[in-house]
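What you see is a predicted model; the values in this text were computed from it and never measured.
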Amino acid sequence: MRRTLRGSLVALSVSALFLTACSGGSSDGASGSQDEATKPGEKVELNFWAWAPEMDKTVEVWNESHPDIHVTVNKQDGGDPAVTKLLTATKAGSGAPDLMQAEYQALPTMVAAGALADIKGELSGEAQGHFSDGVWNAVTLGTDAVYAVPQDAAPLMFFYRSDVFDKLKIKVPTTWDEYAQAARTIHQDDKKKYLGTFSSNDAGLFAGLTQQNGASWWGIDGDAWSVNIDSDASRKVAQYWGGLVEEGVIDNTPMYTPGWNSALNKGTQVGWVSAVWAPGVLAGNAADTKGKWKVAPMPQWTAGANVSGSWGGSSTAVTSQSKHKAAAAQFAEWLNTSADGVKALATISNVYPADQTNSAAALSEPPAFFENQPDFYEVAAKIAGTTAPFTYGPNTNVAYSAFNDAFGKAAQSKSAAAFTQALTSMQTQTVEDLKSSGFTTK
Amino acid sequence: MLPAVVLYVFSIAVPIGYTAFLSLRTVKVQGLGLGPGSRTEVWAGLSNYGGTLSDADFLSSVLRVLGYGLVVIPVMLGLALLFALLLDSVRVRARRFARLVIFMPYAVPAVISSLLWGFLYLPAVSPFTYAADQVGVTLPQPMAPGLVLFAIANIAVWGGVGFNMIVLYTALRSIPSELYEAARIDGCNELQIAWRIKIPVILPSLIMTSVFGMITTLQVFAEPTVLRPLTNNISTSWSPLMMIYRDAFTRNDIYSASATSVVLAVATFLLSFGFLRLVQNRAFAQENR
């Protein structure tokens, strides 16, 4: 008894070591594994990680009309934790879903980690025609492959409390100079009131603001990556916000804290440069202010211009571990381009579809929180067409976490000079990370 | 013995071994790093360790946590000892109830207590700030740059005092009462009994709780991680464990995260054993005599 036990123990630990070595040796999960064949009449089961609200009900529409492919939604929290989970599952070699809702800025990271499958061959030729070039470029990363189907677009817009603006007789700012002036007027009227805050919590918004000014933080040049975080275009934006924080007319506390929520609700934060999904956040965090907000295009750097950036937005990707890539790609295309799918996305999950063919029909009503602005989606559609191009890099996660630290310090120090230094620190950390991983950089 | 060995091998030795293995490896990327086959895992030798030890962020996180320990451990053990002595003194009423109330914060998970304190710290929602405003006093902001370390230490102390108090109190209860009687006959008052009898006798327990305190200090993670989104003053590498978490899960670099964990584990080991060696002559002198 004892001997056999010891023997099997040795075998066990040897196989454990062997497994360890294997999983360590091949972190590349994207090696073109073939789809598992399904017998005729057998139902394909797909697993879908998503965080858009009510996605399970949206997917019900598909499940009812497609009895042979069943999709189960597994609700995730937010963007980053889900990406982390997927990357960990990819490294472990199992545990990934078939489909995943992926933010555009996370796509290069996920592709570089071998977590996503190239589904170019599985999509119909019509898919591309549904999307603007900028959005389509985000899912191809400028290569010949297609790594996801665009789901929602997230153009930046300016949200403001129209009652406060009316009371103080402030015109809706059309340039950033006017925005600064409005911020001063509001803060002078009441020292507790701010037109907005510079938050060091989420690099996505700041990236979008620099995008509006023509920055693109990464670029592909032949087979080399370039990093342009610390560019003139970004520096102008950092200097501008740093100046407002230094002057004290814009708050410097992070967004998405209990304090920020209560400031929105109490009316001490009276404006928010945010994306098209903001009504959902405002409805949840500032319910008392319903009907008092309005939306306008973003302030511009040059008067009369018409450019926007974006903050977030996501796509539906097929993972490299999926055993049913063709079926998964078919579902992703249906969800984001078919009339039924887009309508379900817009009306059930309340996302702003990236699709340009079917979305107008689906978005006739404004969000409930903005019922005083019937043309909400017309404004949004106009802005969505003006989004500047922007390329994310294979280590967006590194740059974003560097942002948290560098701009956290800068926002606290309340000096415009610290804001531009923070950009330099982000640039250095991002380039060093690319180099130490062996990426070719320029 | 065999079940213990199996348990040890699979739950401790294999994970440690795997971490050590990972810390010696790294990923190399070719070109753009997109598409299949562009990443390969290779041997890195000791370069991950070199990276960790020369990283200014890591060194400052270690120093920060040492400073944090200098605040937390004396305050936490001092309060725990004080409470234990008070509970043990003869005149205390409702002893069982008092013991439970002091111990209660330990039963609150660190994440919950950090959220709770986070609300109390944020000026916009804090009842303290509100109350102070009503009487025209401006309170200092607990999460301002100079104070944030104390704000985090406060949460740890709040949660940890009860546990240490129970350990010390239990040691106090095991002191035979003849010792006290003898001391009283010799004319000792309660303070002298505490100082000359109780504290020397429970010294080994105090040493044990200090070692526990040091280990938990080096591993501080939950409190700053929960408070971080609420303020500009806690960086993603505030403590060594936060930095390991960031590297492994935000930056997706488990190799340097493994190297940093090994360094942290060795440092914890050296520190706790160094401390034990330092104090054992004094603490256990009677037993060796």
Side-chain angles (χ1 to χ4, degrees), chain A residues 2 5-6 9 13 16 20 24-32 80 84 87-88 91 108-109 111-114 118 141 143 145 200-201 220 223-225 252-254 256-260 262-263 266 268 320 394-395 397-398 400-401 404-405 407-412 433 436-440, chain B residues 2 5-6 9-10 13-14 17-18 21-22 25-42 44 47-48 51 57 115 118-119 121-126 143-145 148 227-238 245-254 256:
Chain A
R2 173 159 278 198
L5 188 60
R6 193 177 293 163
L9 201 69
S13 44
T20 309
S26 62
S27 68
D28 170 27
S31 49
D80 289 345
T84 301
L87 293 181
T88 310
K91 204 158 270 162
T109 307
V111 171
D118 175 7
L141 311 181
T143 65
S200 65
N201 252 359
I220 295 177
D223 65 346
W225 286 97
N252 67 341
T253 54
Y256 293 107
T257 67
W260 182 75
S262 106
K266 279 194 295 200
T268 50
S320 55
N395 62 346
N397 44 0
V398 173
Y400 277 27
S401 93
N404 290 340
D405 292 345
F407 277 92
K409 259 190 232 159
Q412 197 58 40
D433 176 73
S436 73
S437 310
F439 286 96
T440 318
Chain B
L2 190 65
V5 170
V6 172
V9 165
F10 282 95
V14 169
Y18 187 47
F21 170 77
L22 281 177
R25 300 186 55 92
T26 191
V27 152
K28 276 295 161 209
V29 180
Q30 261 107 49
L32 287 176
L34 302 177
S38 59
R39 327 195 112 201
T40 37
E41 209 184 81
V42 295
S47 68
N48 288 329
D57 281 353
L115 277 174
F119 268 93
Y121 289 161
L122 276 177
V125 287
S126 166
M143 289 197 284
V148 70
L227 292 185
R228 201 188 73 71
L230 305 183
T231 167
N232 292 321
N233 301 317
I234 301 175
S235 66
T236 51
S237 55
W238 194 88
Y245 178 84
R246 178 197 72 182
D247 287 348
F249 299 111
T250 311
R251 299 192 162 180
N252 199 28
D253 180 0
I254 51 167
S256 44

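Listed here is the closest heavy atom pair of Gln412(A) and Asn233(B): CG-OD1, 2.9 Å. Across Gly31(B) and Trp225(A), no two heavy atoms sit closer than the pair O-CD1, 4.4 Å.
Comparing Ala144(B), Ser126(B), Ala124(B) by how many heavy-atom pairs each has under 4.5 Å with chain A, the most go to Ala124(B). Looking only at heavy-atom pairs under 4.5 Å with chain B, the residue among Asn395(A), Leu141(A), Asn201(A), Thr268(A) that has the most is Asn201(A). Between chain A and the options Asn252(B), Ile254(B), Val125(B), heavy-atom pairs under 4.5 Å are most frequent for Asn252(B).
A distance-only check finds a donor-acceptor pair linking the side chain of Lys28(B) to the backbone of Ser436(A) [under 3.5 Å]. No side-chain donor-acceptor contact under 3.5 Å links Asn404(A) to the backbone of Thr236(B).
Of the two parts of Pro229(B), the backbone and the side chain both hold a non-hydrogen atom closer than 4.5 Å to a non-hydrogen atom of chain A. For a residue to count as touching a neighbouring chain, one of its non-hydrogen atoms must lie under 4.5 Å from one of that chain's; by this rule Thr250(B) touches chain A with backbone and side chain alike. Using a 4.5 Å cut-off between heavy atoms, Ala263(A) makes no contact with chain B at all. Contacts between Ala145(A) and chain B at a heavy-atom distance below 4.5 Å are absent for every atom of the residue. If you measure heavy-atom distances from Leu230(B) to chain A, the contacts under 4.5 Å come from both the backbone and the side chain. Proximity to chain B (any heavy atom under 4.5 Å) is shown, for Ser401(A), by both the backbone and the side chain.
The CZ atom of Arg251(B) sits 14.5 Å away from the OH atom of Tyr400(A) when rounded to the nearest 0.5 Å. Here the straight-line distance linking atom CG of Leu122(B) with atom CH2 of Trp260(A) works out to 13.5 Å at 0.5 Å rounding. Atom CG of Leu32(B) sits about 9.0 Å away from atom OG1 of Thr143(A), to the nearest 0.5 Å.
Between Phe249(B) and Thr88(A), some side-chain heavy-atom pair lies under the 4.5 Å cut-off.
Every residue meeting the salt bridge (Lys or Arg N to Asp or Glu O under 4.0 Å) condition with Asp405(A), not counting sequence neighbours, appears here in chain and number order: Arg246(B).
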